[in-house]
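Inspection log for the structure reproduced underneath, given as C-alpha cells.
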Amino acid sequence: MDSDVSQATNQGETENGYDFRSIQDTWLPVWDELRPFASSNPDDTRPRKYVLDMFPYPSGDLHMGHAEAYALGDVIARYWVQSGFNVMHPIGWDAFGLPAENAAIKRGLNPRDWTYENIEQQRASMRRYACSFDWDRVLRTCDPEYYRWNQWLFIELFQRGLAYRKGSWVNWCPKDQTVLANEQVVNGLCERCDTPVTKKKLTQWYFGITKYADRLLDDLNQLEGTWPAKVLTMQRNWIGRSVGADVQFVIEGREEPVTVYTTRPDTLYGATFMVVAPDSDLAQELANAGSAEVQQQFSEYLDVVKASTEIERQSTDHKKTGVFLGAYAVNPVNGERLPIWAADYVLAEYGHGAIMAVPAHDQRDLDFALAFDLPVRVVLETGLPDPADSGIAAAGDGRLINSGALNGHTKAEAIPLVIAQLEKDGLGSAAKNFRLRDWLVSRQRYWGTPIPIIHCEACGEVPVPADQLPVELPEMSGAELQPKGTSPLGSVADWVNVPCPRCGAPAKRDTDTMYTFVDSSWYYLRFVSPHNSEAAFDVAEAEKWAPIDQYVGGVTHAILHLLYSRFVTKVLFDMGLVTFTEPFSALLNQGMVQMDGSAMSKSRVNLVRLSDELDEFGVDAIRLTMAFAGPPEDDIDWKDVSPAGSAKFLARAWRLARDVSSSPDVIWANGDEKLRRSTHRLLADVPGLVESFKFNVVIARLMELVNQVRRVIDQGAGAADPAVREATETVAIILSLFAPYTAEDMWSMLGYEPSVARAGLRKPDHTLLVEESVTCVVQVNGKVRDRLTVSPQIGDDELTQLALASAGAVKAVGDAAVKTVVVRAPKLVNIVVGV
RNA sequence: GCCCCCAUAGCCCAACUGGCAGAGGCGAUCGACUUAAAAUCGAUUCAGUACGAGUUCGAAUCUCGUUGGGGGCACCA
C-alpha cells in the first residue's frame, strides 16, 4: 500500500497536478454556454433573492479593490443559489462622469469611445473573474436607453416641486470648473481633485431632499441590525436633526419681524445681540438701510468673507470677525434693544440665517462677544465661573435667573414653558432644523444626462414632453469639452435652440447635465427590467425582486449614494410605483485593499496590479485570498495575506477529488465515522457562517476538513471510502462559493455534470451531529483541575458526583470545605471551596 | 472640541456571545522524499487576551478608568 500511495503522489509532484490555467480555460466557455446564473426565466419557481454589488465606474481595467468587492458579493450570491434561490445578481456601469471627459479632452475624442472601451475591458475581466452575474441584465448609465429614464425621473420630481432652480452661494471647484454638492466638499477640498473649494453665486437645480429629512432619519431604524452601525451613524450625523424653537424679533424700522432658530429658547432672556449671516439677503438689506459708513464697512467685510476658502472658514480656531449693521432688534420677552451684527460664523443656509446670541451659554457667541466687547448676561445658575471672566460658556444645567417668570425652573422645564408662551403671544413656535441641505444636481460639464427642461421667455421652465425623450447628447469631442465655467452644451447652437413645447416660441434647452449620483440613485430598479422601453422599470417585476436583499459595496458611499437612493425610493413610493420605502434591506461594506498601509484606490497608483496577481496565482487563489483575509469589512493589507498559500490549499483540495476519482469505485468500508461527522458538522454550520459574513471562518473550516480527508486517505480508509467521497463532494460544493473553477473541476472529476454552482448545498444528517460523548471540564474555584468524558445526556446530580470524585478535583480541594458546586451539564462543573 | 468603533501568538485572524484561550493560514525550525533544489507530505515552535480596577462560582467576552489605533461630525445656533 505504501508504495502505491507514494507513486500516486509522485506523479502529481511533477507539475503539482493542479494547473489553474487549464482549469480556467476548460470551464469558462462551458459556463458561457450553460449560463448557470440566468435569472429571467418566467417558469422558474425558485424563491427569489436580489443580491447587488455596487456597480463600477469604468476607469480602466478592474483593480484590487474591485477584485475584493466582487469576490465577496459573489460568495453571497452563489450561496443563495446553492441554497435553492433564483438569485438576481446583475451588473452594470456607472458610465457618466468627469474622468471620461478629461480623458476625451486629452486625446481629442468623444468620452463615449473611452468609456465603452473600458467597459468592454472590465466586462471581459469580470467574466474571467467568474463573477456570477446575470449577463442578460447589463446596463450602462450613458446609454440613451438608460438616461432617458433619468430624464423621466427628473421631470417627475419637477412636477412634484421636488426639482427646482434657485440662486445661491454654491461650492465651486476652480479646477474641474463645476459646482459641487455639499457632500463633495471634504474638509474644504474638492473630493475629486483636492483643490480648495470656493463659493460662487449661481442659479442651479436642486432636488428637495430636505422635504424627506424626517423620513430619511426615522426610517434608518428599520435598518438597525442589517446595516453596519457605522453607516447608520454617519447617515444620522449627516441629516443632523436638531429641535428647538423659532422666535420672532421685531427689527426697529422694519415692517417684517426676523425669525431666528434656537435650540435653547430657555436662554432667551440672556440674548444680548443678534447676528445675521453676511451673505444673506437680510444682511444686505439692513446694511443698505444704514449709514454710509455702515454700508462701506459691510461691503468690505462681505468681500473678505467671499474671498476666504472653505478651509479657512471651517477651521476651528478661526477668529471671530464681523461688523455692526447699525440696526437693532427687540427681544420679544423683555423688550430689550439688541444690536444686530453680521458675522460669518452664522450660515445663511441654516435655519433662517440669523441667530439670537446668548454669549453666557454659547461658546461661539461668547467668543464673538469678547472680541467685540458686547455684554454677557448669565441666565442659568450652573455653578460654573462667570463666562465673561473665564471665557468659557456655561453649558451645564441649573436654575434660571434674570428670566422673569421662568426664574427657578431648570433648562428642561423652561424650554416647553417658553415655547408655550411664545406660541400664545404669536411670537414663535417649536421648530426643528436639519444639517442636510437640498441636493444640488446640475453640473456644468458635458458627459452626463442632459437636464430635460426648455427655458421659454413666456412659459418659463417647461419639461421636455415624454415623446421627445431622451434628450440625447450632441456629438462633441476633444477641445470642445474644455471646461470654461459654463456647460459645453451651450455652444452647440442647433442643439440648444428649440421651439418651446408649450407655445412654440423660440426657446433654449437647459445646458447643464445631471450629477452622476442621480444615475445611480435608482439603477437598482432598472435591473428588474433592463430592456423595458415603456418605463423606467416594470412595476410588477420590481414588486417581485425589490427591495434588495443584500447590497454590497464600499463604505466610501456610506453617505452620498445611499442617501440619494433612499430619497428617490421614498419619492417613488409616494408615486405609488414601489411598495417599499427602503431600497437596501441589508448592507455589507467591504474594506479596502492596501499595500503596506497605503490605499490602492482608483485615483492612487496601483501598487499591486490585479492582472499580475491573476496571472501568477489564478482567479480562484485571488478570490479565495480576498475572502480568507479576515472579516469582509476589515481592510486587507496585501503584504499580510498569501495568495500562494491559497493556491496551495486549492491544489490540496483538488488532489482529493483526483484521488477519489482514480480509486476503484468499490465500497469496501462503511465510511470513516469521524470524517462523516466532520462533514456534516460543516454542512450544519455553513449557512449560519455565510449569513453572518464569516467567510474566513468557512474557509478555515474547509481547510480543516481537507486536512482531515487527506489523513484518512493516506493513513486510514483510503480514497475509495464513501466517507471520503462524501467529504470531497461537500468540499467541492462549498468551495464553489469562493473558488468556482477549482470546484467545477473537482465536481467533474467526481463524475458529475456541470455546474457545481447549481449542485445545491446538502442538508446535514442530524443523527451524525449528536455527540456520543463530550468532555466535561472540572474546575475548582474557576481553575481547570480535571476533565471527564461523559454522555451528553448526563444529569446534574450524576455529573456532580463524578466531578467531586475526580482525581484532579480531589487533589485541588484537599481538605477545604466545598461551599457550592456550579453545574452546567454536560460541559462544565465548578467546585467552589472556602479559602 | 463632541460622538462611535477597535486592541487575542512574530504576522493575518478564530473562540458556540460569560464556561478548557486556538479552528485555519502566513512565517520560522526540524524531518521524509530527491544526486540536489523546487514542489509535496509530516511534525514542532509561539500569547494568557493593550494597561489598571470592578461585577461574577467563573471574564478575551459585561462595567468604569487609562493608553494606543481607526472612523464620523465639527462656528449647524
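Each chain gets a letter, A, B and so on, in the order its sequence line appears, and its residues count up from 1.
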Legend entry - Nearest-angstrom distance from the residue atom CG of A:Asn830 to P of B:G18: 17 Å

Inset, instruction - Would you mind checking if A:Asp659 and A:Arg655 are paired as a salt bridge, meaning a charged N to carboxylate O distance below 4.0 Å? - result: no

Legend entry - Any strand: nucleotide that pairs with B:C2 via Watson-Crick or wobble, under 3.5 Å: B:G72

Inset, instruction - Would you please say whether a donor-acceptor pair under 3.5 Å links the side chains of A:Glu349 and A:Trp169? - result: no

Inset, instruction - Name the nucleic acid region contacted by A:Lys694, choosing base, sugar-phosphate or nothing; use a 4.0 angstrom heavy-atom cut-off, strictly under. - result: sugar-phosphate

Legend entry - Separation between the P atoms of B:G68 and B:G31, rounded to whole Å: 46 Å

Legend entry - Under 4.0 Å protein heavy-atom contacts per nucleotide of nucleotides 24-32 of chain B, with B for base, S for backbone only and - for none: BSS------

Inset, instruction - Record whether the side chain of A:Lys639 comes under 3.5 Å of the base of B:C11 through a donor-acceptor pair of N or O atoms. - result: no

Inset, instruction - For B:A47 and B:A15, measure between their C1' atoms and round to the nearest Å. - result: 14 Å

Legend entry - Syn/anti state for B:G48 [syn: chi within 90° of 0]: syn

Inset, instruction - Could you please name the option among B:A77, B:C13, B:C57 that lies closest to any side-chain atom of A:Asn696? - result: B:C13

Legend entry - Residues that A:Phe368 engages under ring pair (Phe, Tyr, Trp, His ring centres under 6.0 Å), provided they are two or more places apart: A:Phe273, A:Trp341, A:Tyr345, A:Phe372

Inset, instruction - Determine which nucleotide pairs with B:A7, using a 3.5 Å limit on both distances of a Watson-Crick or G-U wobble pair. - result: B:U67

Inset, instruction - Mind calculating the distance between CD (A:Glu633) and C1' (B:G71) to the nearest angstrom? - result: 14 Å

Inset, instruction - Please list, by residue number, the residues of residues 237-249 of chain A whose heavy atoms come closer than 4.0 Å to an atom of RNA chain B; answer none if no residue qualifies. - result: A:Asn237, A:Trp238, A:Ser242

Legend entry - Distance, P atom - from B:U67 to B:G52, rounded to whole angstrom: 15 Å

Inset, instruction - Considering only atom P, compute the distance from B:C13 to B:U56 and round it to an integer number of Å. - result: 35 Å

Inset, instruction - Mind checking A:Thr233 for me? I need base, sugar-phosphate or nothing, with any heavy atom below 4.0 Å counting as a touch. - result: nothing

Inset, instruction - For B:G19 and B:G71, measure between their C1' atoms and round to the nearest Å. - result: 34 Å

Inset, instruction - Identify, residue by residue, the members of residues 555-563 of chain A with a heavy atom below 4.0 Å from RNA chain B, and return them in order of residue number, or none. - result: A:Ile559

Inset, instruction - Would you mind checking if A:Arg236 and A:Glu224 are paired as a salt bridge, meaning a charged N to carboxylate O distance below 4.0 Å? - result: yes

Legend entry - In B:U67, glycosidic geometry as syn within 90° of 0 or anti otherwise: anti

Legend entry - A:Arg236 side chain near B:C73 phosphate (N/O to OP1/OP2, under 4.0 Å): no

Inset, instruction - Name the pairing partner of B:G18, where a pair is Watson-Crick or G-U wobble with both distances under 3.5 Å, or state none. - result: none

Inset, instruction - Please assess A:Leu650 against A:Phe20 for the test side-chain contact (heavy atoms from CB on, under 4.5 Å), listing each intermediate value before the final yes or no. - result: CA-CA 9 Å; A:Leu650 290 171; A:Phe20 71 81; over 6 Å; no

Legend entry - Between B:A38 and B:G18 - P atom distance, rounded Å: 49 Å

Inset, instruction - Scan for salt bridge (Lys or Arg N to Asp or Glu O under 4.0 Å) pairs involving residues 683-699 of chain A, sequence neighbours excluded, and state none if there are none. - result: A:Asp685-A:Arg701

Legend entry - Opposite nucleotide pairing with B:U44, Watson-Crick or G-U, both atom distances under 3.5 Å: B:A28

Inset, instruction - Name the closest nucleotide to the A:Arg824 side chain, picking from B:A77, B:C75, B:C57. - result: B:C57

Inset, instruction - Return yes if the base of B:G1 and the side-chain atoms of A:Gln363 contain a donor-acceptor N/O pair under 3.5 Å, otherwise no. - result: no

Legend entry - For B:A59, the Watson-Crick or wobble counterpart (both distances under 3.5 Å): none

Legend entry - A:Lys320, nearest nucleotide to its side chain (from B:G42, B:A77, B:C75): B:C75

Legend entry - Under the side-chain hydrogen bond (donor to acceptor under 3.5 Å, both in side chains) test, residues paired with A:Arg785 that sit two or more places apart: none

